[in-house]
Amino acid sequence: LFHQALNYPRFDDGDIERVKKQIISSIKLDESDLPTLSSNKFNQFFFNEHDFSKNIKGSIKTISNITRPDLVNFHKNAFQKNNIIIGVAGNIEKEKIKLLIDKVFGNLENSINIPPVQRFSGLAKGEKVYKMKTPQTSVLFGHPGLARNNENFFALRIANYIFGGGGFQSRLYKNIREKKGLVYSIYSYLLPYDNDGVIVGGFQTRNKSVYQTINKVKNEWKRLQRNGVSQKEFENAKAYFKGSFTRNFTSTISIARLLQIVQYYDLGEDYFEKREEIINNLELEKVNQTISEFFSSDELFFMIVGEPEG
């Protein structure tokens with residue numbers, strides 16, 4: 001069935017219309033869902049003219065205009081063997097899985113490469129407000145980052161873990177959630193791609209606390225940029241990344257997914273062996289040098305969705 005659906009989809013008119021109606025209904029619901037609307041508005045303004053600025057669901061107009069020939073052409077161009085990345089894990093013989101993979105994917109064409117994601121240029125800076133009547137305001141912030149295979153990526157990963165990616169251990173959580181009680185949750189994470197990346201974070205807070213919280217985030221960013229991280233923070237972050245990697249080996253699905261990631265980012269067949277070596281060889285000075293080079297409060301962008309006061 002999978003082979004049939006993948007290689008010879010029928011795209012029945014009735015099914016197309018049913019799915020189009022479902023997507024249109026979802027788009028309408030998104031307009032009143034604060035987290036989803038915030039994410040869409042953040043992408044729209046932060047990425048500017050880049051393809052990532054577009055809503056992944058499209059719009060009511062674009063969805064309504066999709067026809068069966070559109071789907072047939074997209075399937076023919078996008079579903080290509082040279083665009084497939086496969087990760088396999090489990091108790092199965094190599095020759096047997098190769099036969100099964102060839103049976104499912106072997107009939108696909110191999111003539112078109114999907115173009116790589118364009119590098120981000122002209123990412124937005126400053127603040128943008130989208131008014132929405134709500135008791136709490138949602139804020140997402142963004143900043144330029146690094147590609148996954150960049151030599152400084154792990155240094156940036158350490159820095160972000162300390163800043164906002166480490167949950168209860170992060171500076172954002174400790175200084176804005178615990179000490180000030182301005183938010184319930186606050187975070188940041190790296191969003192890497194094969195040739196570029198960004199740093200994204202967010203929080204929700206009371207309307208009257210929006211700009212106070214934004215200023216706190218900016219201050220933490222400036223403090224990190226100016227002073228870097230401490231030896232203790234650095235060692236704790238390294239220990240986390242070394243210890244947490246084993247979670248990827250708890251199931252065959254997670255292992256297969258990890259194999260896909262290694263291939264997608266071209267990290268090398270020896271990635272599993274060299275990953276811990278990369279972390280062990282990373283020095284505090286390197287992390288702080290990366291912070292001073294890549295963290296700039298002037299490059300921050302804040303998307304504010306709600307009714308901020310002040």
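Throughout, numbering of the chain's residues begins at 1 and tracks the sequence.
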Practice task
Side-chain contact test, heavy atoms from C-beta onward, threshold under 4.5 Å: evaluate it for Tyr130 versus Ile304 and give yes or no.
Solution key: no

Exercise for the section: Determine whether Glu307 and Val210 make a side-chain contact, defined as any pair of heavy atoms from C-beta on separated by less than 4.5 Å. Expected result: no

Handout entry: For the student: nearest non-hydrogen atoms of Ala155 and Thr290, plus distance
Key = CB-OG1, 3.5 Å

Exercise for the section: Taking all non-hydrogen atoms of both residues into account, name the closest pair between Leu172 and Gly164 and its distance. Expected result: CD1-CA, 3.9 Å

Handout entry: Heavy atoms of other groups near Glu269 CD, more than 12 under 6.0 Å
Key = no

Completion exercise
Tightest non-hydrogen contact, residues Asn48 and Ala124, listed as ND2-N, 3.5 Å

Problem - Minimum heavy-atom distance Ile63-Lys57, with the two atoms named - result: CD1-O, 3.2 Å

Practice task
Under the side chain to side chain contact (heavy atoms under 4.5 Å, CB included) rule, collect the residues that match up with Asp270, sequence neighbours excluded.
Solution key: Glu273, Lys274

Exercise for the section: Provide the closest heavy-atom pair for Val262 versus Gly268 in the form atom of the first, atom of the second, distance. Expected result: CG1-O, 3.4 Å

Problem - Beyond-backbone contact of Leu284 with Asn288, side-chain heavy atoms, under 4.5 angstrom - result: yes

Practice task
Keeping to residues at least two apart or across chains, list the salt bridge (Lys or Arg N to Asp or Glu O under 4.0 Å) pairs with something in residues 96-106.
Solution key: Glu95-Lys98

Problem - Centroid separation Phe52 to Tyr193 less than 6.0 Å - result: yes

Practice task
Provide the full list of salt bridge (Lys or Arg N to Asp or Glu O under 4.0 Å) pairs with a residue in residues 163-182, sequence neighbours left out, each pair given once.
Solution key: Arg171-Glu233

Fill in the blank from the handout: Joining Ile, Leu, Val, Met, Phe, Trp and Tyr whenever any side-chain heavy atoms lie under 4.5 Å apart, the cluster holding Leu1 also takes in none

Handout entry: Where Ile162 and Phe234 come nearest, the two heavy atoms and their spacing
Key = CD1-N, 4.0 Å

Practice task
Look at the side-chain heavy atoms of Ile, Leu, Val, Met, Phe, Trp and Tyr, link any pair under 4.5 Å apart, and say whether Ile186 and Phe302 land in one connected group.
Solution key: yes

Handout entry: Minimum side-chain heavy-atom gap Ile291-Phe163 below 4.5 Å
Key = no

Using a 3.5 Å cut-off and no angle test, enumerate the donor-acceptor pairs between side-chain atoms of residues 140-147 and protein atoms at least two apart in sequence or in another chain.
residue : atom : partner : partner atom : Å
His143  : NE2  : Phe294  : O            : 3.4
His143  : NE2  : Ser296  : N            : 3.1
His143  : NE2  : Ser296  : O            : 3.1

Handout entry: Check: Gln289/Glu285 side-chain N/O donor and acceptor closer than 3.5 Å
Key = no

Exercise for the section: To the nearest 0.5 angstrom, please state how far the NZ atom of Lys238 sits from the CZ atom of Phe154. Expected result: 11.0 Å

Problem - Residues that Ser138 engages under side chain to side chain contact (heavy atoms under 4.5 Å, CB included), provided they are two or more places apart - result: Leu34, Ser38, Gln204

Handout entry: Pairs where residues 61-77 contributes a residue and the test side chain to side chain donor-acceptor pair (under 3.5 Å) is met, not counting sequence neighbours
Key = Ser59-Thr62, Thr67-Asp70

Practice task
Kindly check if the number of other-residue, nucleotide or ligand heavy atoms within 6.0 Å of NZ (Lys81) is above 12?
Solution key: yes

Handout entry: Whether over 12 other heavy atoms sit under 6.0 Å from Arg18 CZ
Key = yes

Problem - Cation-pi check, Lys128 onto Phe45 ring (under 6.0 Å, within 45° of axis) - result: yes

Practice task
Please confirm whether the backbone N or O of His50 pairs with a side-chain atom of Gln118, one donor and one acceptor, at under 3.5 Å?
Solution key: no

Practice task
Answer with yes or no whether the hydrophobic clustering places Val139 together with Val200; edges join I, L, V, M, F, W, Y residues whose side-chain heavy atoms lie under 4.5 Å apart.
Solution key: no

Problem - Spacing of OG belonging to Ser297 relative to CG belonging to Leu224, to within rounding of 0.5 Å - result: 11.0 Å

Handout entry: Any donor-acceptor N/O pair, Ser25 side chain to Lys21 backbone, under 3.5 Å
Key = yes

Exercise for the section: For Lys54 and Asn43, test the side chains for any donor-to-acceptor distance below 3.5 angstrom and give the result as yes or no. Expected result: no

Handout entry: Any Ile158 side-chain heavy atom under 4.5 Å of Leu282 side chain
Key = yes

Handout entry: CG-CZ distance between Asp266 and Arg148, expressed to the nearest 0.5 angstrom
Key = 11.5 Å

Problem - Worked verdict on Leu37 versus Asp30 for side-chain contact (heavy atoms from CB on, under 4.5 Å) - result: CA-CA 6 Å; Leu37 183 61; Asp30 289 346; over 6 Å; no

Problem - Test item: Lys125 and Asp298 side chains (from C-beta on) under 4.5 Å apart, heavy atoms - result: no

Practice task
Find the distance between CD1 (Ile27) and OG1 (Thr36) and round it off to the nearest 0.5 Å.
Solution key: 12.0 Å

Practice task
State whether the number of non-hydrogen atoms from other residues, nucleotides or ligands found under 6.0 Å of Lys216 atom NZ is greater than 12.
Solution key: no

Practice task
Could you check if a side-chain atom of Asn149 sits within less than 4.5 angstrom of a side-chain atom of Asp194, using non-hydrogen atoms only?
Solution key: no

Exercise for the section: Establish, from distance only, whether the side-chain atoms of Asn281 and Lys286 form a donor-acceptor pair under 3.5 Å. Expected result: no

Practice task
Measure the shortest side-chain to side-chain distance between Val305 and Phe42 over non-hydrogen atoms and say whether it is less than 4.5 angstrom.
Solution key: no

Problem - For Phe245, all residues meeting ring-ring contact (aromatic ring centres under 6.0 Å, His included), sequence neighbours excluded - result: Phe249

Exercise for the section: Taking atom types as modelled, find out whether Asn207 and Gln136 have a side-chain donor-acceptor pair closer than 3.5 angstrom. Expected result: no

Practice task
Output the rest of the hydrophobic cluster of Phe105: all Ile, Leu, Val, Met, Phe, Trp and Tyr residues reachable through side-chain heavy-atom contacts under 4.5 Å, sorted by chain and number.
Solution key: Phe2, Leu6, Phe74, Phe79, Ile84, Ile86, Val88, Ile92, Ile97, Leu100, Ile101, Val104, Leu108

Fill in the blank from the handout: Rounding to 0.5 Å, atoms CG (Asn236) and OG (Ser230) come to a distance of 8.0 Å

Problem - Partners passing ring-ring contact (aromatic ring centres under 6.0 Å, His included) against Tyr240 (at least two apart in sequence or in another chain) - result: Tyr161

Anything under 3.5 Å between a donor and an acceptor, one on a side chain of residues 251-261, the other on a protein residue two or more places apart or in another chain? List them.
residue : atom : partner : partner atom : Å
Ser251  : OG   : Ser254  : N            : 3.2
Ser251  : OG   : Ser254  : OG           : 3.1
Ser254  : OG   : Asn248  : O            : 2.9
Ser254  : OG   : Ser251  : N            : 3.3
Ser254  : OG   : Ser251  : O            : 2.9
Gln260  : NE2  : Ile85   : O            : 3.2

Problem - Working for side-chain contact (heavy atoms from CB on, under 4.5 Å), residues Asn160 and Leu156 - result: CA-CA 6 Å; Asn160 176 71; Leu156 189 67; 5.6 Å; no

Practice task
State plainly whether the residues Glu235 and Lys232 are in salt-bridge range, i.e. N to O under 4.0 Å.
Solution key: no

Practice task
Using a strict 4.0 Å threshold on nitrogen-to-oxygen distance, state whether Lys208 and Glu309 make a salt bridge.
Solution key: no

Practice task
Given side-chain contact (heavy atoms from CB on, under 4.5 Å), test Phe301 with Leu123 step by step and report yes or no.
Solution key: CA-CA 8 Å; Phe301 170 74; Leu123 292 174; over 6 Å; no

Exercise for the section: State yes or no: do Leu190 and Phe120 share one hydrophobic cluster built from I, L, V, M, F, W and Y residues joined by side-chain heavy-atom distances below 4.5 Å, directly or via other members? Expected result: no

Problem - Shared-cluster residues of Tyr8, by chain and number - hydrophobic side chains joined below 4.5 Å - result: none

Problem - Single-linkage hydrophobic cluster Tyr189~Phe203, side-chain heavy atoms < 4.5 angstrom - result: no

Problem - CD-CD distance between Glu299 and Gln225, expressed to the nearest 0.5 angstrom - result: 9.5 Å

